[in-house]
Amino acid sequence: MASSEADAAANRAVWTQANADYTDARAEEGWAKDEIDWGVWNVPESLVRALPDVAGKDVVELGCGTAYFSAWLAKRGARPVGVDVTPAQLETARRVMAATGIEFPLVEADAGDTGLPSGSFDLAISEYGASIWVAAERWLPEAARLLRPHGELVFLCNSTLSILCSPDAGPTEQALRRPQFGGLGRIEWADDEGVNFHYAHGDWIRLLRGNGFEVVDLIELQAPEDAEDHPYYTVVPADWARSWPAEEIWRARKLP
């Protein structure tokens, strides 16, 4: 098995290239949004209701990328800190921060070892950040360490079903393509140089409970009726995601 440092280096390279290809160019658009939304098809938080009241809360975003989600939280009165392992993504975030005047700390660090003080946050967030790019065995203990008692964890990831229906290369299909037993966990895709981590629901529950969390909710997202295939994220067609959940949001609370 590859080391966590090697996995982080591979994913840093992937997102350095992605930043050059499209995330830098789209960063201002993301920061400018007035409403929080989730996932590939931008399902509004007003419909999802995954977040607690964030006003006045200390929030850490684990795997923030260009930090648009932290910017949305800052607009709502939160005090976010964005953590990411890719310098290029953080540089884009700083550029947009300077242009918009929305300011908050950005930390270059692995989401499994942030170096931030223990018990400093009321809420930990990951929207396709650490939730799929870092082993849960590493980032969940770190999230638990960073949160205060009763603090909340909210994270978005690919649904277990969508991963089970995904071949090693190409789009998600309407058939099971990999086993749940032995086919999940650390995944290297044939058509992608990055390393992902995907888990069965039972594994998520055990990992969360084992790190001192209670599960509050599991929200399975449906693509809107008018959703179109994403121009960059081509793994799951919109038509598939209208019939089955391609994405899911977990909510958990740290026990005292």
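Quick note: residue numbers are just sequence positions, from 1. Keep in mind that what you see is a predicted model, and the values were worked out from it rather than measured.
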How long is the span from the CG atom in L164 to the CD atom in Q180, to the nearest 0.5 Å? 5.5 Å
State the SG-CD1 distance between C157 and I163, to the nearest 0.5 angstrom. 8.5 Å
Enclosure of E193 CD (heavy-atom neighbours >12, cutoff 6.0 Å): no
Between S70 and A67, is there a donor-acceptor pair closer than 3.5 Å when you use the side chain of the first and the backbone of the second? no
Between atom CG of L140 and atom CG of L207, what is the distance when rounded to the nearest 0.5 Å? 6.0 Å
Residue pair D229 / A238: nearest heavy atoms and the distance that separates them: OD1-N, 2.8 Å
Before giving the answer on side chain to side chain contact (heavy atoms under 4.5 Å, CB included), spell out for V195 and I187 the whole-Å C-alpha distance, their side-chain angles and the decisive distance to 0.1 Å. CA-CA 6 Å; V195 180; I187 297 178; over 6 Å; no
Tested for side chain to side chain contact (heavy atoms under 4.5 Å, CB included) against T114, the lone hit among L146, V60, V81 is L146
Determine, stepwise, if the pair D203 / L184 fulfils side chain to side chain contact (heavy atoms under 4.5 Å, CB included). CA-CA 10 Å; D203 292 328; L184 297 176; 5.5 Å; no
What one should report as the nearest heavy-atom pair of A50 and I249 is CB-CG2, 3.9 Å
Does any non-hydrogen side-chain atom of L221 lie less than 4.5 Å from one of E248? no
Exactly one of D37, I219, I36, L156 should register a side chain to side chain contact (heavy atoms under 4.5 Å, CB included) with V48. Which one does? I219
Any side-chain heavy-atom pair of V40 and V235 under 4.5 Å: no
So, R79 side chain and F121 main chain: donor-acceptor pair closer than 3.5 Å or not? no
Student check: side-chain heavy atoms of F104 and V59 closer than 4.5 Å: no
Hey, quick one: are W244 and W250 part of the same hydrophobic cluster, counting side-chain heavy atoms closer than 4.5 Å, chains of contacts allowed? no
Before accepting this row, confirm whether a basic side-chain N of the pair E152/K254 lies closer than 4.0 Å to the acidic partner's carboxylate O. no
Using 4.0 Å as the upper bound for N to carboxylate O, is an ion pair formed by R138 and D113? no
Does L176 reach the side chain of C165, with side-chain heavy atoms less than 4.5 Å apart? yes
Reference residue Q89; test side-chain hydrogen bond (donor to acceptor under 3.5 Å, both in side chains); the match among T66, D84, T23: T23
Which is it for F155 and Y128 under the side chain to side chain contact (heavy atoms under 4.5 Å, CB included) test, yes or no, and what are the steps along the way? CA-CA 8 Å; F155 62 93; Y128 278 140; over 6 Å; no
So, E188 and R186, do they make that salt bridge, N to O below 4.0 Å? yes
Within the side chain of K75, is there an N or O that forms a donor-acceptor pair under 3.5 Å with the backbone of A71? no
I'd like to check the side chain to side chain donor-acceptor pair (under 3.5 Å) partners of T92; sequence neighbours left out, ordered by chain and number. N19, D24
Testing the basics here: between G39 and E247, what is the closest heavy-atom pair and its distance to 0.1 Å? CA-OE2, 3.2 Å
Considering all heavy atoms, the nearest A27-R95 contact: CB-NH2, 4.4 Å
Quick check on the hydrophobic clustering: are V83 and V134 connected, directly or via other members, by side-chain heavy-atom contacts under 4.5 Å? yes
Crowding at CZ, R49 (>12 non-hydrogen neighbours, <6.0 Å): no
If we count only N and O atoms by modelled type, under 3.5 Å, do the side chains of E61 and S126 hold a donor and an acceptor together? no
Ion pair present between R177 and D168, side-chain N to carboxylate O less than 4.0 angstrom? no
For R145 versus L116, what's the shortest heavy-atom pair and its separation? NH2-O, 2.8 Å
If every non-hydrogen atom of P44 is compared with every non-hydrogen atom of E35, which pair is closest and at what distance? CB-OE2, 3.5 Å
Are the side chains of D58 and L123 in touch, meaning some heavy atoms are under 4.5 Å apart? no
Verify the cluster assignment for L106 and I125: are they in a single hydrophobic cluster under the rule of side-chain heavy atoms below 4.5 Å apart? yes
Indicate, with yes or no, if L218 and V215 share a hydrophobic cluster defined by side-chain heavy-atom contacts under 4.5 Å among Ile, Leu, Val, Met, Phe, Trp and Tyr. yes
Report the residues that fulfil side chain to side chain contact (heavy atoms under 4.5 Å, CB included) with A241, sequence neighbours left out, ordered by chain and then residue number. W41, A223, V236, A246
Sequence neighbours left out, what passes side chain to side chain contact (heavy atoms under 4.5 Å, CB included) with T100? Give chain and number order. W31, V96, I102
Pairs touching residues 178-199 that satisfy ring pair (Phe, Tyr, Trp, His ring centres under 6.0 Å), sequence neighbours left out: Y199-W204
How many angstroms lie between atom OG of S166 and atom CG of N196, to the nearest 0.5 angstrom? 10.0 Å
For the backbone of P245 and the side chain of S159, can you confirm whether one donor and one acceptor N or O come within less than 3.5 Å of each other? yes
Does any part of the side chain of L73, heavy atoms only, come nearer than 4.5 Å to the side chain of L51, both counted from C-beta? yes
side-chain hydrogen bond (donor to acceptor under 3.5 Å, both in side chains) contacts in which one or both residues fall within residues 209-225, not counting sequence neighbours: E214-R253
Exam field: side chain R251 to backbone L153, donor-acceptor pair closer than 3.5 Å: no
Pairs touching residues 48-95 that satisfy ring pair (Phe, Tyr, Trp, His ring centres under 6.0 Å), sequence neighbours left out: W38-F69, Y68-W72, F69-W72
Side chains of T86 and R12: do they bring a donor and an acceptor to under 3.5 Å? no
Among the clusters formed by ILVMFWY side chains lying less than 4.5 Å apart, do V43 and L161 turn up in the same one? yes
Polar side-chain atom of W139 near backbone of A130 as donor-acceptor pair, under 3.5 Å: yes
